[in-house]
Student: 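Structure incoming, see below.
All values below were derived from every heavy atom in this structure, side-chain atoms included, with hydrogens, water molecules and symmetry-related copies excluded.
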Amino acid sequence: MVSPHRTERPWQGGVEQDTPAPAVRCDPACYLCPGNERAGGARNPNYTSTFVFDNDFAALLPDAHQVKVNEADLLVAQSESGLCRVVCFSPRHDLTIPVMPPAEVRQVVNIWCEQFEQLETIPWVRHTQIFENRGVLMGASNPHPHCQIWANESLPNIPHRELSAFEAYSKEKKSCLLCDYLKLELDKKERVVCQNDGFAVVVPYWAVWPFEALLLSKRHLGAMPELSSDERGLLADILQKITVRYDNLFETSFPYSMGFHQRPSDGLPHGECHFHAHYYPPLLRSATVRKFMVGYEMLGSPQRDITPESAAGRLASLSGIHYLQRGNST
């Protein structure tokens, strides 16, 4: 449900504290900075590039005790094995994706590709989820720029629903759902935020969050290992294009949850799957006023306060130069 007139209502609700990006290159109290001791007691090496390690407080464990529960088909559960890893984007505590040197963002993409390939060689891994929670509002426990990778032995709920939709559409239309959707969006040009030769970012027609975005590969592919060398660079480029615009929107280190959806790792080709990423940012009116999913949104249906077209227009109109770097531009 879209109700753009709602933005005119007076606001006396919660106002969040603006949390700018860290200003120091290295924080001696940060458990993700090079050489520092982590919360679990291990010490980071003095890494000089992207750094990956197994999460010290993993939500999933590879040796989970095998248990199944089924009580009258009403209470159903089973154990879930998995692996959780952390990827520090840079040794620099103060560099986020939008302000990192492009070559370093490309290195992050390379690591993602390597991790996906490595994890799907594990016989019991069926799904790999790469995701980033940026900012306190999205539950990030540490400001050092990083993401997480969780590998599961089963397909999680949301990717499972997406896969079902891809399969049904492919069976009926004999084509790819997201290929057809992307063509429609590029033809209409109403919700396109930014693009390059390999990828496009749109505010999806069905967006729930105010400045939600969908990143889509222009070529049909199912997972990161299928990216060509050029496409890896183009993926790094589009990641910076959208995140710079997010930061420029309210001139803040813009919070969001972002995650890639890729084909399952079950040995099947899954030609119906299309590589993409979702951005879910909570901010609505400013750097300190966020969208709340409460009341009707929780009990009835999601409700938007701005149209997808106006959100896309605002993002697309913003400069591609980060607001913190404008004084350094020529």
Student: Measuring from atom CD of Glu114 to atom CG of Leu119, what distance do you get when rounded to the nearest 0.5 angstrom?
Tutor: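 The CD atom of Glu114 sits 11.5 Å away from the CG atom of Leu119.
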Student: Using modelled atom types only, decide if a donor and an acceptor are shared between the side chain of Glu80 and the backbone of Ser154 within a distance under 3.5 Å.
Tutor: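 Checking the backbone N and O of Ser154 against the side chain of Glu80, a donor-acceptor pair under 3.5 Å is found.
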Student: Hey, would you say the Tyr256 and Trp209 ring centroids sit under 6.0 Å apart?
Tutor: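 Centroid distance Tyr256-Trp209: not below 6.0 Å, so no.
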Student: Show the numbers, then the answer: is there a side chain to side chain contact (heavy atoms under 4.5 Å, CB included) between Thr288 and Phe250?
Tutor: CA-CA 9 Å; Thr288 58; Phe250 298 130; over 6 Å; no
Student: On the six-membered ring of Phe53, is Arg38 placed so that its NZ or CZ lies under 6.0 angstrom from the centre and within 45° of the ring axis?
Tutor: yes
Student: Look up atom CD1 in Ile306 and atom CG in Leu284, then write down how far apart they are to the nearest 0.5 Å.
Tutor: 6.5 Å
Student: Membership question, hydrophobic clusters at under 4.5 Å side-chain separation (ILVMFWY): are Leu315 and Ile97 in the same one?
Tutor: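 Per the 4.5 Å side-chain linkage, Ile97 and Leu315 are co-clustered.
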Student: What's the spacing between Phe51 CZ and Asn44 CG if we round to 0.5 Å?
Tutor: 4.5 Å
Student: Between Arg314 and Phe211, is any pair of side-chain heavy atoms under 4.5 Å apart?
Tutor: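 Yes; the side chains approach each other to less than 4.5 Å.
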Student: Can you name the closest pair of heavy atoms from Ser319 and Arg326 and give their distance?
Tutor: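 Closest heavy-atom pair between Ser319 and Arg326: CB-NH2, 4.4 Å.
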Student: Is Asp197 atom CG crowded by more than 12 heavy atoms from other residues, nucleotides or ligands, each under 6.0 Å away?
Tutor: no
Student: State whether the side chain of Ser257 and the backbone N or O of Tyr280 hold a donor-acceptor pair below 3.5 Å, judged by distance alone.
Tutor: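 No; judged by distance alone, with no hydrogens or angles, the pair does not exist.
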Student: Just so I know, are the side chains of Leu186 and Gln195 near enough to count as touching, which here means a heavy-atom distance under 4.5 Å?
Tutor: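 Contact flag for Leu186/Gln195 side chains = yes.
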Student: Shared ILVMFWY cluster between Leu60 and Val125, side chains joined below 4.5 angstrom?
Tutor: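 No; Val125 is not reachable from Leu60 via cluster members.
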Student: Side chains of Val202 and Tyr181: does their closest heavy-atom pair fall under 4.5 Å?
Tutor: yes
Student: Checking Ala140 now: which residues fulfil side chain to side chain contact (heavy atoms under 4.5 Å, CB included) with it, not counting sequence neighbours?
Tutor: none
Student: Provide the closest heavy-atom pair for Ser217 versus Leu182 in the form atom of the first, atom of the second, distance.
Tutor: O-CD2, 3.7 Å
Student: Looking at Arg263 and Glu120, does any basic side-chain N land under 4.0 Å from a carboxylate oxygen?
Tutor: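 Glu120 and Arg263: salt-bridged.
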Student: Look at the side chain of Gln325 and the backbone N and O of Tyr323, then say whether any donor-acceptor pair between them is shorter than 3.5 Å.
Tutor: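 Side chain of Gln325 to backbone of Tyr323, a donor-acceptor pair under 3.5 Å: no, none is there.
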Student: Would you check if Phe275 and Glu226 make a side-chain contact, meaning some heavy-atom pair closer than 4.5 Å?
Tutor: no
Student: Does Arg161 form a side-chain hydrogen bond (donor to acceptor under 3.5 Å, both in side chains) with Asn157? I'd like the steps, not just the answer.
Tutor: CA-CA 6 Å; Arg161 291 203 298 269; Asn157 295 346; over 6 Å; no
Student: Evaluate the side chain to side chain contact (heavy atoms under 4.5 Å, CB included) criterion for residues Lys183 and Glu185: first the C-alpha distance (whole Å), next the side-chain angles of each, then the deciding distance (0.1 Å), finally the verdict.
Tutor: CA-CA 5 Å; Lys183 182 179 184 304; Glu185 289 287 20; over 6 Å; no
Student: Before you tell me yes or no, could you show the steps for Ser229 and Arg106 under side-chain hydrogen bond (donor to acceptor under 3.5 Å, both in side chains), namely the whole-Å CA-CA distance, both residues' side-chain angles and the distance that decides it to 0.1 Å?
Tutor: CA-CA 10 Å; Ser229 178; Arg106 166 63 183 266; 3.1 Å; yes
Student: To the nearest 0.5 Å, what is the distance between CD (Gln303) and CZ (Phe292)?
Tutor: 13.5 Å
Student: Quick one: closest heavy-atom pair of Asn133 and Met138, and the distance?
Tutor: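 Of all heavy-atom pairs spanning Asn133 and Met138, the closest is CB-O, 3.6 Å.
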Student: If only side-chain N and O atoms count, and only distance matters, is there a donor-acceptor pair under 3.5 Å linking Glu162 with His160?
Tutor: no
Student: Report yes if some heavy atom in the side chain of Arg134 is under 4.5 Å from a heavy atom in the side chain of Ser253; otherwise report no.
Tutor: yes
Student: I'd like to know if the side chain of Thr50 and the backbone of Phe89 have a donor-acceptor N/O pair within less than 3.5 Å.
Tutor: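 Looks like yes, one N/O pair under 3.5 Å.
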Student: Surrounding CE of Met298 (heavy atoms of other residues, nucleotides or ligands, distance under 6.0 Å), is the total greater than 12?
Tutor: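 It does not: Met298 CE has 12 such atoms or fewer within range.
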Student: Would Gln66 and Ser81 count as a side chain to side chain contact (heavy atoms under 4.5 Å, CB included) if you check the C-alpha gap in whole Å, the side-chain angles of each, and the deciding distance to 0.1 Å?
Tutor: CA-CA 9 Å; Gln66 296 300 304; Ser81 295; 3.7 Å; yes
Student: Hey, quick one: are Ile238 and Val192 part of the same hydrophobic cluster, counting side-chain heavy atoms closer than 4.5 Å, chains of contacts allowed?
Tutor: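 Ile238 does not cluster with Val192.
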Student: Between Lys291 and Glu212, does any side-chain N to carboxylate O distance fall below 4.0 Å?
Tutor: no
Student: Under 4.5 Å between any side-chain heavy atoms of Cys147 and Trp112, yes or no?
Tutor: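 When only atoms from C-beta onward are counted, Trp112 and Cys147 do touch, with a gap below 4.5 Å.
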Student: Keeping Gln148 on the side-chain end and Gln129 on the backbone end, is there a donor-acceptor pair under 3.5 Å?
Tutor: no
Student: Among the clusters formed by ILVMFWY side chains lying less than 4.5 Å apart, do Leu215 and Ile111 turn up in the same one?
Tutor: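 Yes, one cluster joins them.
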Student: Are Asp56 and Tyr31 close enough that a side-chain donor and a side-chain acceptor fall under 3.5 Å?
Tutor: no
Student: Run the side chain to side chain contact (heavy atoms under 4.5 Å, CB included) test on Leu283 and Leu137 for me, step by step, so that the C-alpha distance in whole Å, both residues' side-chain angles and the decisive distance to 0.1 Å come before the verdict.
Tutor: CA-CA 9 Å; Leu283 296 182; Leu137 287 184; 3.7 Å; yes
Student: Main chain of Ile321, side chain of Asn248: is a donor-acceptor contact present, judged purely on distance under 3.5 Å?
Tutor: yes
Student: Is it the case that over 12 heavy atoms from other parts of the model lie below 6.0 angstrom from the CG atom of Leu61?
Tutor: yes
Student: If I take atom CG from residue Asn196 and atom CG from residue Asp237, how far apart are they, to the nearest 0.5 angstrom?
Tutor: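 It comes to 5.0 Å.
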Student: Could you tell me which non-hydrogen atom of Tyr246 sits nearest to which non-hydrogen atom of Pro281, and how far apart they are?
Tutor: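 Between these two residues, the closest heavy atoms are OH-CG, 3.7 Å.
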Student: Can you find a pair of side-chain heavy atoms, one from Leu163 and one from Cys273, that are under 4.5 Å apart?
Tutor: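 Touching, per the 4.5 Å side-chain cut-off.
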Student: State whether the side chain of Gln262 and the backbone N or O of Thr128 hold a donor-acceptor pair below 3.5 Å, judged by distance alone.
Tutor: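 Checking the backbone N and O of Thr128 against the side chain of Gln262, no donor-acceptor pair under 3.5 Å is found.
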Student: Are the side chain of Thr121 and the backbone N or O of Gln118 linked by a donor-acceptor pair below 3.5 Å?
Tutor: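 Pair found, side chain donor or acceptor close to backbone of Gln118.
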Student: Under 3.5 Å, is there a donor on one side chain and an acceptor on the other for His322 and Asp247?
Tutor: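 Per modelled atom types, His322 and Asp247 side chains form a pair under 3.5 Å.
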Student: Mind checking whether Pro255 and Pro282 have side chains closer than 4.5 Å, heavy atoms only?
Tutor: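 Yes - at least one pair of side-chain heavy atoms lies under 4.5 Å apart.
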Student: To check you understand the geometry: which heavy-atom pair defines the closest contact between Glu190 and Ala312, and what is its length?
Tutor: O-CB, 4.0 Å
Student: Within the distance-only criterion (no hydrogens, no angle test), does the side chain of Thr96 pair as donor or acceptor with the backbone N or O of Pro145 below 3.5 angstrom?
Tutor: no
Student: Please identify which of these residues, Leu239, Val203, Val201, Val193, meets the side-chain contact (heavy atoms from CB on, under 4.5 Å) condition with Tyr279.
Tutor: Leu239
Student: Could you see if Trp150 belongs to whatever hydrophobic cluster contains Ile130? Use Ile, Leu, Val, Met, Phe, Trp, Tyr and a side-chain cutoff under 4.5 Å.
Tutor: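 Cluster IDs for Trp150 and Ile130 differ.
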Student: Roughly how far, to the nearest 0.5 Å, is OH of Tyr205 from CG of Leu184?
Tutor: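 Here the interatomic distance stands at 10.0 Å.
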Student: To check you understand the geometry: which heavy-atom pair defines the closest contact between Ala59 and Cys84, and what is its length?
Tutor: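 In this case the closest contact between Ala59 and Cys84 is N-SG, 3.7 Å.
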Student: Do the side chains of Glu153 and Arg126 get close enough for a salt bridge, i.e. N-O under 4.0 angstrom?
Tutor: no
Student: Report yes or no: does His144 contribute a side-chain atom to a donor-acceptor pair with the main-chain N or O of Ser90 at less than 3.5 Å?
Tutor: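 At least one qualifying donor-acceptor pair exists.
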Student: Using the ring of each side chain (for Trp, its six-membered ring), is His278 parallel, tilted or perpendicular to His276, with breaks at 30° and 60°?
Tutor: perpendicular
